[in-house]
Protein chains: 4
Amino acid sequence: MSPPPALRRAELLATAGEVFARQGYNATTVRQIADAAGMLAGSLYYHFDSKESMIDEILSGFLHQLWAGYDTVLAAGLGPRETIEALVVESFREIDRHQSAVAIYQKEARHLSAQPRFGYLTDSRTKFERAWLDTLRRGAAAGVFRTDLDLKLTYRFIRDTVWVAASWYRPDGHHSPDTIARQYLSMVLDGIATPAKE
Amino acid sequence: MSPPPALRRAELLATAGEVFARQGYNATTVRQIADAAGMLAGSLYYHFDSKESMIDEILSGFLHQLWAGYDTVLAAGLGPRETIEALVVESFREIDRHQSAVAIYQKEARHLSAQPRFGYLTDSRTKFERAWLDTLRRGAAAGVFRTDLDLKLTYRFIRDTVWVAASWYRPDGHHSPDTIARQYLSMVLDGIATPAKE
Amino acid sequence: MSPPPALRRAELLATAGEVFARQGYNATTVRQIADAAGMLAGSLYYHFDSKESMIDEILSGFLHQLWAGYDTVLAAGLGPRETIEALVVESFREIDRHQSAVAIYQKEARHLSAQPRFGYLTDSRTKFERAWLDTLRRGAAAGVFRTDLDLKLTYRFIRDTVWVAASWYRPDGHHSPDTIARQYLSMVLDGIATPAKE
Amino acid sequence: MSPPPALRRAELLATAGEVFARQGYNATTVRQIADAAGMLAGSLYYHFDSKESMIDEILSGFLHQLWAGYDTVLAAGLGPRETIEALVVESFREIDRHQSAVAIYQKEARHLSAQPRFGYLTDSRTKFERAWLDTLRRGAAAGVFRTDLDLKLTYRFIRDTVWVAASWYRPDGHHSPDTIARQYLSMVLDGIATPAKE
DNA sequence: CATGAATGAGACTTCATTCAT
DNA sequence: TATGAATGAAGTCTCATTCAT
């Protein structure tokens, strides 16, 4: 009994994603993906239009789920510190779930976003920056975050810090995504939060 | 008057480095480099053996200078906190000086290091980890850094935090590398340092 | 109905062999082979790894069959004169069967054998020399061959004499390989001069 | 004191000839010749128009001297057997004197003669065949050569036999060209077998 | 659904050649 | 005379893609 088409597709995308993440999109040949999937290169074209459509589906699928999570957090009406905490936790969960997609995003998003087809990458980036920056700004205004720091720099600091973790994160490690998120938050927050009054 | 050969080589490497950093090594064609250098693709081979030897020279040149700086810091006999500070400052200076080399390193080091020719990347990575980890360990033992954090995680946190900056850092910005280093240190240290007693 | 893969491969090798024999290996472009085979240059790489692997397969295939024939002769326990006769006849049969491979061997073996991949060419050459020289030596000892000749020279004489024939031999001529072999043997063994009367 | 231009030219041609003979014309790069001559590739073009003109000069120079020798022999009015003997001796002398030119001729003449510039190769070949064939024919008619052999085959036999020697002949061997010529003549004329007793 | 064979564009690289110095 | 740098054509090879079976 062969698996339903949608599942087969997802399997193939997962396989492709792993290879892309490991070798880089450009350095990956369609044949390598096919090998990993146990078929011939030409056969992939029954399932996908092109190599590009594979990475497209991988990235857009990831971003879709990411924004589902983020939007839920952002709509929850939390305070700035709690929002940041929730976003970081959510981020590590997504990293855990879409590990290769995140790695691909890190490496390839910049040059892909030059193509119209991948315009949504730029959109997402913009929306992403706004969400984080606004929260940081709210926090600074509310006095829960330090005010002596350049906000943009802070944003980049926290963004990179969190997402680059995808490049080394391995799900079989000792730490669950939530544990890592907690440790990261502890490092990050005790830096950017206003020092405790004496 | 034509420039001395060593200078011409350096110019060409700088050009190649910019294109590599912008587009990725694999996605960059030799012709694009030649275009940027104002010559024909074949002409590059008068100066370099191969596309690979260009990235090789870029990366090894960068690592060479990086280690000159790091070794000076490490040999200075500073305390752990001062060592971390000096390393971070030194890192941002290198990012400033070798911006594209750093960006290339971030993107390509992993898959390049599989080839024997680039074995020095692995060596450098190992040495790098030891230098930072030892310093963090010393600091933890001396009580100047928190002891409730996973050391390896802390190492990755600070490593990524600093070096990913190369991906957005633009030298013509308002901030000098030292200024950015200070802000980063402030964020990082007030997180990993033991909290001030009350 | 397309031919079985093994046959297709053999066809392509035959085509490549003809072009190599006519123009020399280095002077032959992959495109010329592809043209002769009725396909595009790149398509050849579906069947073969490289141009080099083509000449490799041609030469090793030829030597394989040659040695099958030679070994049979050498194992037959014939007298020295009969062995030489049988080797010459066998040689002309191989020339007939592998005309272009022989021509390629003549022209390219020397410089190819410098590469490790073609080490078997040197091995074959050594084995070949031993087989012939031993037979000549046996014949001289037995008194069926002249003893006033330098043996090494005689070996080269007979070797070249036989194998260079591949450069002009055309199978559609009036002479079958066996006929030519007989004439060659007659010249080699008895000379072209009429025997001096006493 | 630099050598006179004509001598320098000859030196360079000798150098080029050695490299051509060793590696084949096509496989030889102008740079290799220049390296062997202790100069840069571009500098050769002060002395020669092109790579092709080098091989041209090498081959035509050799053929010029060869024909000077052959013509003297042919004009001497010798009997057929003596003519053959003199031609063989003369051939080995030329092989000795123009070793690399002969080797180049063997390997490259066929495909070079397709170009108009090298038409003289074909002319020489024709003239060569006529000279030998006529002599053999005269000898057969005069009863000094066997008449039971195909004449064309005999011609090829003797031609190849002599000239292929250039491929292994090394001047520092134990044998002078005349010694080798004598042995070859002995084999060609009388065969390698001991004459059958009557 | 998958295969096997082929396409065609384009990549990296080589190399004979030119030319100002 | 020779050098150093560049040209431009051509060569080998790779690879995403197509398509009849």
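Note that the coordinates shown come from a computational prediction; the quantities given were computed from them, not determined experimentally. Hydrogens, waters and symmetry mates play no part in the numbers below; they use all other heavy atoms, side chains included. Order of the sequence lines fixes the chain letters, A, B, ..., with proteins taken first and strands second; residue numbering starts at 1 for each chain.
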Closer than 4.0 Å, any side-chain N/O of Arg8(C) to the OP1 or OP2 of dA6(E)? yes
Heavy-atom donor-acceptor pair, Gln106(C) side chain to Ala166(C) backbone, under 3.5 Å: no
Interatomic distance where CG belongs to Asp56(C) and C1' belongs to dT12(F) [whole Å]: 17 Å
The contact string for nucleotides 14-21 of chain E, one letter per nucleotide 5' to 3', using protein heavy atoms under 4.0 Å with B, S and - for base, sugar-phosphate only and none, comes out as BSSBB---
Any donor and acceptor pair, going by atom type alone, linking the side chain of Ser124(A) with main-chain N or O of Leu121(A) inside 3.5 Å? no
Quickly work out the Ile33(C) CD1 to dG11(F) C1' distance and round it to whole Å. 12 Å
Tell me the interatomic distance from Leu44(A), atom CG, to dA2(E), atom C1', rounded to whole angstroms. 11 Å
Can you tell me how far C1' of dT12(F) sits from CD of Gln32(C), to the nearest Å? 13 Å
Using purine N1 to pyrimidine N3 plus N6-O4 or O6-N4 for Watson-Crick, or N1-O2 and O6-N3 for G-U wobble, both under 3.5 Å, which nucleotide pairs with dA20(E)? dT3(F)
Rounded distance in Å - CE (Met39(C)) to C1' (dA9(E)): 18 Å
Whole angstrom is fine here: how far is it from CG in Leu40(C) over to P in dT7(E)? 4 Å
May I ask you to test the Phe48(C)-Glu57(C) pair for a side-chain heavy-atom distance under 4.5 Å? yes
Only pairs with both distances under 3.5 Å count, Watson-Crick or wobble alike; so what is the partner of dC15(E) in this structure? dG8(F)
Please tell me if the side chains of Arg22(A) and Val19(A) come closer than 4.5 Å, counting only heavy atoms from C-beta onward. yes
Can you tell me how far CG of Asp49(B) sits from CG of Leu44(B), rounded to the nearest 0.5 angstrom? 12.0 Å
Could you state the CZ-C1' distance from Arg9(C) to dA5(E), rounded to the nearest angstrom? 14 Å
Would you find more than 12 non-hydrogen atoms of other residues, nucleotides or ligands less than 6.0 Å from Arg31(D) atom CZ? no
Contact under 4.0 Å: His47(C) side-chain N or O vs dA6(E) OP1/OP2: yes
Using atom types as modelled and distance alone, determine if a side-chain donor or acceptor of Arg110(A) lies under 3.5 Å from a backbone N or O of Ser167(B). yes
Can you check the Asp35(C) CG to dA6(E) P distance for me, whole Å? 15 Å
